[in-house]
Amino acid sequence: MTQTQPVPEPRSLNFIEEIMEADLASGKHQGRIGTRFPPEPNGYLHIGHAKSICINFGLAQKYGGSTNLRFDDTNPVKEDVEYVDSIREDVEWLGFRWAEEHYASDYFQQLYDYAEYLIQAGKAYVCDLTDEETREYRGNFHTPGKESPYRSRSVGENLDLFRRMRAGEFPDGARVLRAKIDVQSPNMNLRDPLMYRIRRVHHHRTGDAWPIYPMYDYAHGVSDAIERITHSICTLEFEDHRPLYDWFLNQDVEGRFFTRPLPRQIEFARLNLTHTVMSKRRLLLLVQEGHVTGWNDPRMPTICGLRRRGYTPESVRAFAERVGVAKRDMVADVSLLEHCIREDLEAQAPRAMAVLRPLKLVITNLTEGETHWLELPFHPEKTEMGTRKVPFTREIWIDQDDFREEAPKKWFRLAPGAEVRLRGAALVRCEGLVKDDSGQVVELHCTWDPGSLGGNAPDGRKVKGTIHWVSASHAVPAEVRLYEQLFTQEDPMDVPEGGDWRDFINPHSLEALTAQLEPSLASAKAGDRFQFERTGYFSVDPDSGSAALVFNRTVGLKDSWAKIESKG
RNA sequence: UGGGGAGUGGUCUAAUGGUAGGACAACAGAUUCUGAUUCUGUCAGGUGAGGGUUCGAUUCCUUCCUCCCCAACCA
């Protein structure tokens, strides 16, 4: 027999890989690839950043290069150390290690020196216009800008003024340093952009050493060049900043500041996800207005939220890989993310039984006090994962969802007169039920077939349904949090006139239940992941104490019965 | 109305002048001690529209249309 070898079709290259491979082939950077992930420490990372992280680190890894983590901390009024720790943690959790950790603030002196150089070259000037005046002079899409009256200051005066700005002689906002490019440019970014502003605020790294702070467009490219980044990957909205990125670096005509070849900025489409919002501002509003419990609420698309929800780093990386890299605006379907975590957990997660909405079931012909200890596998296919002991007794809990007093058609589960298998245990038939005063079914009376202990009938008869259960006397109560999409609408930003995106917040995005768990789960630790058979994947919330276990539902199992039923 | 980008099934993404392919979703069936998983099959786009070049166009040219980004001393 000849084995047909599955030919692994190599994935075609995305446009960034094509650029990198071309550069590698031409020897542009002596065959070196250097990228960086440049978060501003002013918020928590979300899954959109995860995509960027995977691209930057993943590509460098693929081509034997390295990636730096660089905090873009040029605006101390918005930034805080609180965020740098969480950012580090999130990148590491995703499974990436940076070659070097830097801060744009590490380069403040070099940035300053280069700025003086630009002034001396007549490429930058100190401008005294107020911010409103500056805006006015800049013009708009329809009208070209006007030159600032300060544009023609002498080099000597500019240098003197800039040094005094640096010395802290002027109040906040009194003057700025501007690049002298072209106030009439159709590209607004080139209309003499600001390089420095005066801000006498404490910086989380440099303290009070600097009363002036560089702007992003100036600092970013220079930082890249200093670190000898080869490919500076960012999102689409920076596309028309690229001429400016190049301009700043190209002014080093004598090559005194930067090693050539200079880094190249490449833009890709940021990730959007259905049923959620992604902007820092809106995420912050969700937190501030109490729609969620915090940045790491399991419903948030933040990395810490996904982590707490029970997502694995592998699944997030797989997702980033599958959504691809391109330049068209895109909105990925959450179902793809869910597919990725199910795929990972299906293979990894040990199985256990947990009854989410308990309904008492009494096996009338099973002797009270009689306990059958069953040994059930942690994984149906992976025997190497071992087994756990599960007690089977007269009184058990089953899920309310698994009983119907009046069985609809195609109902495989329990109903009066129906026989089902208790997973891993035995066959039981429903012989009677007990209702409370309101008519609610509160207890089921069943008989079991003792010959079916272990799960199969001695006469080989088949039952269509298998349900999960937990011995009542051994059950461990726990809080279980069921999550749904945070927004009911695919695109929460698609609001009708007079509406608000918050109108689409799903009122049922969190449902907390007291569940009954099989005893093997009692020793579960924060972060442990399980498949609760027939219901979904769950992980232990860090809120869990030894006294009270808390589980988060990461994602439900696919539910084809729900589909059948919803179709009638 | 200036400038910069982008248009391929419901959603992502390939095909770089030669049969429009894959993933997710959806649908149908088989297997199953999880209505899960797995497996099989189906579905659906003639590539935003028109024109042109070509034996042949998603790919080249052209006109048009639609969508996104830019007028912070934010990044």
Side-chain angles (χ1 to χ4, degrees), chain A residues 9 11-14 18 38-40 42 72 74-75 77-79 127 129-131 134-135 138-145 172-178 185-191 193-199 213 215-217 219-220 234-243 267 269 271 274 280 319 321-340 342-343 346-347 351 353 376 380-381 410-413 420-425 427 454-456 462-468 490 531-536 556-565:
Chain A
E9 187 84 17
R11 179 177 63 72
S12 52
L13 303 179
N14 66 49
E18 279 173 3
E40 181 185 15
N42 73 341
D72 224 328
T74 55
N75 187 5
V77 312
K78 293 167 68 179
E79 294 149 8
C127 180
L129 256 24
T130 65
D131 55 349
T134 305
R135 209 172 308 137
R138 185 157 37 223
N140 56 40
F141 298 156
H142 315 293
T143 62
D172 285 11
R175 292 180 222 266
V176 295
L177 183 72
R178 291 231 249 168
S185 172
N187 181 346
M188 302 286 297
N189 296 116
L190 265 22
R191 320 246 265 225
L194 272 57
M195 293 171 63
Y196 274 93
R197 73 287 217 189
I198 301 173
R199 283 286 115 85
Y213 292 96
M215 303 288 290
Y216 166 86
D217 284 307
H220 200 88
C234 63
T235 43
L236 252 27
E237 67 270 27
F238 292 102
E239 212 148 16
D240 46 18
H241 291 235
R242 197 191 326 138
E267 312 85 12
L271 171 71
T274 58
K280 274 181 194 168
F319 173 70
E321 175 67 28
R322 288 187 203 202
V323 294
V325 180
K327 295 191 72 150
R328 40 207 290 222
D329 296 322
M330 55 93 77
V331 185
D333 202 308
V334 265
S335 67
L336 180 59
L337 216 211
E338 293 179 341
H339 168 80
C340 291
R342 284 198 191 100
E343 177 181 60
E346 157 62 28
R351 315 287 134 121
M353 290 195 283
L376 304 184
E381 273 112 50
K410 288 182 159 176
W411 179 256
F412 296 167
R413 282 113 98 149
V420 297
R421 173 166 34 238
L422 296 175
R423 162 127 258 226
L427 267 30
N456 286 311
K462 301 283 187 203
V463 292
K464 281 182 290 187
T466 297
I467 65 174
H468 57 282
E490 266 199 14
Q531 183 199 92
F532 288 173
E533 289 197 280
R534 303 209 317 129
T535 58
L557 255 29
K558 283 197 187 160
D559 188 352
S560 58
W561 164 248
K563 281 183 189 171
I564 292 168
E565 189 171 39

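Below, chains carry the letters A, B, ... as their sequence lines are ordered, and counting in each starts from 1. These figures come from a predicted structure and were not determined experimentally.
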Rounded to the nearest angstrom, tell me the gap between atom [atom1] in [X] and atom [atom2] in [N].
{"X": "A/E239", "N": "B/G5", "atom1": "CD", "atom2": "P", "result": "6 Å"}
{"X": "A/E346", "N": "B/U38", "atom1": "CD", "atom2": "P", "result": "6 Å"}
{"X": "A/E237", "N": "B/C68", "atom1": "CD", "atom2": "P", "result": "15 Å"}
{"X": "A/Y216", "N": "B/C70", "atom1": "OH", "atom2": "C1'", "result": "14 Å"}
{"X": "A/E267", "N": "B/G4", "atom1": "CD", "atom2": "P", "result": "14 Å"}
{"X": "A/L236", "N": "B/G3", "atom1": "CG", "atom2": "P", "result": "19 Å"}
{"X": "A/E321", "N": "B/C24", "atom1": "CD", "atom2": "P", "result": "14 Å"}
{"X": "A/K464", "N": "B/U32", "atom1": "NZ", "atom2": "P", "result": "15 Å"}

Partner residues of [X] under the salt bridge (Lys or Arg N to Asp or Glu O under 4.0 Å) criterion, sequence neighbours left out:
{"X": "A/R138", "value": "none"}
{"X": "A/R342", "value": "none"}
{"X": "A/E239", "value": "A/K327"}
{"X": "A/R197", "value": "none"}

From [options], nucleotide with atom closest to [X] side chain:
{"X": "A/F412", "options": "B/U34, B/G35, B/G2", "result": "B/G35"}
{"X": "A/E40", "options": "B/C12, B/A14, B/A75", "result": "B/A75"}
{"X": "A/F238", "options": "B/A75, B/G5, B/A14", "result": "B/A75"}
{"X": "A/P186", "options": "B/U34, B/G2, B/C73", "result": "B/G2"}
{"X": "A/R351", "options": "B/C12, B/U34, B/G35", "result": "B/U34"}
{"X": "A/Q531", "options": "B/C68, B/U34, B/G2", "result": "B/U34"}

Donor-acceptor pair under 3.5 Å: do we get one between [X]'s side chain and the base of [N]?
{"X": "A/E381", "N": "B/U38", "result": "no"}
{"X": "A/D240", "N": "B/G3", "result": "yes"}
{"X": "A/R534", "N": "B/G35", "result": "no"}

So CD of A/E338 and NZ of A/K558: to nearest 0.5 Å the spacing works out to 10.0 Å
Once rounded to the nearest 0.5 Å, what's the spacing between atom CE of A/M353 and atom CZ of A/R423?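 Those atoms lie 8.0 Å apart.
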Could you work out the separation of [N] and [M] based on their [atom1] atoms and round it to a whole Å?
{"N": "B/G21", "M": "B/G41", "atom1": "P", "answer": "15 Å"}
{"N": "B/G46", "M": "B/A20", "atom1": "P", "answer": "13 Å"}
{"N": "B/G50", "M": "B/U59", "atom1": "P", "answer": "12 Å"}
{"N": "B/G17", "M": "B/U53", "atom1": "C1'", "answer": "12 Å"}
{"N": "B/A23", "M": "B/U40", "atom1": "P", "answer": "10 Å"}

State, without any angle test, whether A/D333 and A/S335 hold a side-chain donor-acceptor pair at a distance under 3.5 Å. yes
Would you kindly say whether A/D131 and A/T134 are connected by a side-chain donor-acceptor distance under 3.5 Å? no
Set of residues satisfying ring-ring contact (aromatic ring centres under 6.0 Å, His included) with respect to A/F319, sequence neighbours excluded: none
Answer yes or no: does a side-chain N or O of [X] lie under 4.0 Å from OP1 or OP2 of [N]?
{"X": "A/T143", "N": "B/G2", "answer": "no"}
{"X": "A/R421", "N": "B/U34", "answer": "no"}
{"X": "A/T74", "N": "B/A75", "answer": "yes"}
{"X": "A/R135", "N": "B/A72", "answer": "yes"}
{"X": "A/R199", "N": "B/C74", "answer": "yes"}
{"X": "A/R138", "N": "B/C73", "answer": "yes"}
{"X": "A/R322", "N": "B/A14", "answer": "no"}

Indicate syn or anti for B/A72, taking the glycosidic torsion and treating anything within 90° of 0 as syn.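 For B/A72, whose glycosidic angle is within 90° of 0, the conformation is syn.
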Syn/anti state of B/G50 by chi, 90° boundary around 0: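 Base orientation relative to the sugar is anti.
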List every contact pair, protein side and nucleotides 25-29 of chain B side both N or O, where the distance is under 3.5 Å.
from, atom 1, to, atom 2, distance (Å)
B/A25, OP1, A/K558, NZ, 3.4
B/A26, OP1, A/K563, NZ, 3.0
B/C27, OP1, A/K567, NZ, 3.4
B/C27, OP2, A/K563, NZ, 3.4

Heavy-atom nearest nucleotide on RNA chain B for A/A269 versus A/K410: which residue maps closer to 5'?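 The residue mapped nearer the 5' terminus is A/A269.
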Assign each of A/T466 and A/L194 the nucleotide of RNA chain B bearing its closest heavy atom; nearer the 5' end lies the nucleotide of A/T466
Before you tell me yes or no, could you show the steps for A/Q531 and A/E346 under side-chain contact (heavy atoms from CB on, under 4.5 Å), namely the whole-Å CA-CA distance, both residues' side-chain angles and the distance that decides it to 0.1 Å? CA-CA 8 Å; A/Q531 183 199 92; A/E346 157 62 28; 4.0 Å; yes
